[in-house]
Amino acid sequence: KRYKFMKSKYILASLFCLAAFSCSDDKSFEPAYTVSLEADENMTTNVDASQVFQTIDGFASSDAWDMDFIGKYWSNSNKEGIAKLLFSRNIDSKGRPEGIGLSMWRVNVGGGSSEQGDASGIPDKYERRVECFLNQDGSYNWSKQAGQQYFMQKAKEYGCESFVLFTNTPPVWYTKNGLAFPTKGASSNQDEDKNNLKDEHYEDFAEFLATVTKHFVDQGYNIPLISPINEPQVDWRKTPGADAEQEGCSYTHEKTKILVTALNDKLEEKGLATNILLGEASRWEPIYTTNSGGYYSNLVDHYFNPDYKNYYNGNEEGKYYLGNLKHVPNILCAHSYHTDKTWSSLKTAREKAYEKAQQFGVELYQTEWSMLSTDYDNYENYDDASYMDLALSMARVLHHDLATANVRSWSYWTSVSQERWSQKSRFYLIRVSADGKDGEDYGDLHNNGVYATCKNLWVLGNYSLFIRPNFQRVALNLPEESEEFFGSAYISPEKNRVVVVYTNLKSESIHIECGIQGLDGKEVVAVNQYTTSNAKDLKQEPDYLVGHIPAKSVVTVVYDLK
């Protein structure tokens, strides 16, 4: 079907009114005549399925940090409801998705700050402390992190395809200060003060990580990747007189090579197919530049250029090549923080990262993002910005990570969190409130609470629910891509489905006529559209609204082919 959108705002308003008075709860409004709706702008787009880019490995979020408390202490109905929102792929008979169908799940392997209590130096017991499977005597307690394990199990039951283990610190038994973060004064400029792992425990740490991996593989989890280092560019030391924010540890290239080599050997010894995910850079620049932290930068050259030697202070430091290790794939990952505020910074940093990675056949992952700042240029004023405005900021990051950096995987940071300090929805997909409070109250998660979805969840679902593992990004040609209207397209490995995601930041609606070429004789047999906007949460549209991209919305159009 092709619907012509005529210019009459009164027709659109009348249809909505008619729908409101004509629909029962069981049946959607179905007009008995051809419907014409106005769009403020008409546009013709084209998908070229013969022009193929990266393969998608999955869309993810992480279980840091509140998931453990919720999984342990909340009611079964609440826990199940949150799991369903994150992992379910079911779309009910009324066209309402139950969840966003995450295909990857990032699991935080803790360092033991939780068991230390207030002595951990991390004051936020509700979010930032994490248990450790390893006991001080070297034995393991697999009942630890029980809440996180609950959500791992639910993810597997819902069909989540893969799990990525990551850790922020070695177990506290292996650290220099017995804590989950370094404590040397911030006035120290010594790199050794930023690294908190004792030299004699690198192999022990690798053994711990490999043992945890094998335990969960034996439990039936598909764990293709483990990430042993998080944001090595960040100075995780506690400032004198201040509290630590979370578990953390920095590693120079030299220390990274020691740890990764040891972990590679341990994975091989245990007969695991799991590979090591390198990078977890705090932003995109360390992937490609030498000006983003000295010992912690230029990751592509250091780890995947066999001829590269770095020099600091005129001294040759040697090679840190890791591309010859069996369990190190040609993948680097970064976090999309700090280069996300403007369209220009989004585009430039990711272009450079992709260009550098291409030189040595390295592929990219984006493994962590949430909205660290309030200063984004897609809205005028943060205080007046709606939750949809903030979700549209995320949509811009998603787009450039996928279409400019060509990432194979995209991950959100904290899946659930409480809202406080006027942070709005900047740090969660699902909002939780402790003790049954539904405000900005920040309370004890050891009791039952309430949860609610937000626009971030559904915007991510515009991608994750429909673009499944092994889909490939293909060319989407727009008359003119701009920071106000952009999109990307994907095709299934069976070549029987094309998914196109559009983001419209304009204050006007757009009508799309999309042509698809390069289908090897296949034709479109069905079209479905799902819209997220201020008024809609990944809502499946009736046929007469297919092609209508509302103002301030993210829209997914699914074409079934035969």
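Every value quoted in this text rests on a predicted model; they were computed, and no experiment measured them.
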Parallel, tilted or perpendicular: rings of W105 and F87 (30°, 60°):
perpendicular
Close side-chain approach of K552 and S507, heavy atoms under 4.5 Å
yes
We want to know whether S533 and T531 form a side-chain donor-acceptor pair, criterion being a heavy-atom distance below 3.5 angstrom.
no
May I ask you to decide if the ring planes of Y73 and H446 are parallel, tilted or perpendicular, using 30° and 60° as cut-offs?
tilted
Ring geometry between H400 and W343 (parallel below 30°, tilted from 30 to 60°, perpendicular above 60°):
perpendicular
For atom CG of D520, is the number of surrounding heavy atoms from other residues, nucleotides or ligands below 6.0 Å larger than 12?
no
Do K347 and E483 meet the salt-bridge criterion of a basic N to acidic O distance under 4.0 Å?
no
Please list all pairs passing the salt bridge (charged side-chain N to carboxylate O under 4.0 Å, His left out) test where one or both residues lie in residues 448-471, with sequence neighbours left out.
E161-R468, K455-D537
salt_bridge(E247, R129) N-O dist < 4.0 Å:
no
Are F216 and F163 an aromatic pair by the rule of ring centers under 6.0 Å?
no
Please find out if less than 6.0 Å separates the ring center of Y451 from that of Y428.
no
Can you say whether the rings of F486 and H399 are parallel (under 30°), tilted (30 to 60°) or perpendicular (over 60°)?
tilted
Using the six-membered ring wherever Trp is involved, compare the ring planes of W65 and W413 and label them parallel, tilted or perpendicular (cut-offs 30° and 60°).
perpendicular
Taking the six-membered ring for Trp, is the centroid-to-centroid distance between H215 and W142 below 6.0 Å?
yes
Closest contact, heavy atoms only, T213 versus I223:
O-CD1, 4.0 Å
Tell me if the aromatic rings of F466 and Y530 count as close, with their centers under 6.0 Å from one another.
yes
Is the gap between the ring centers of W284 and Y337 under 6.0 Å?
no
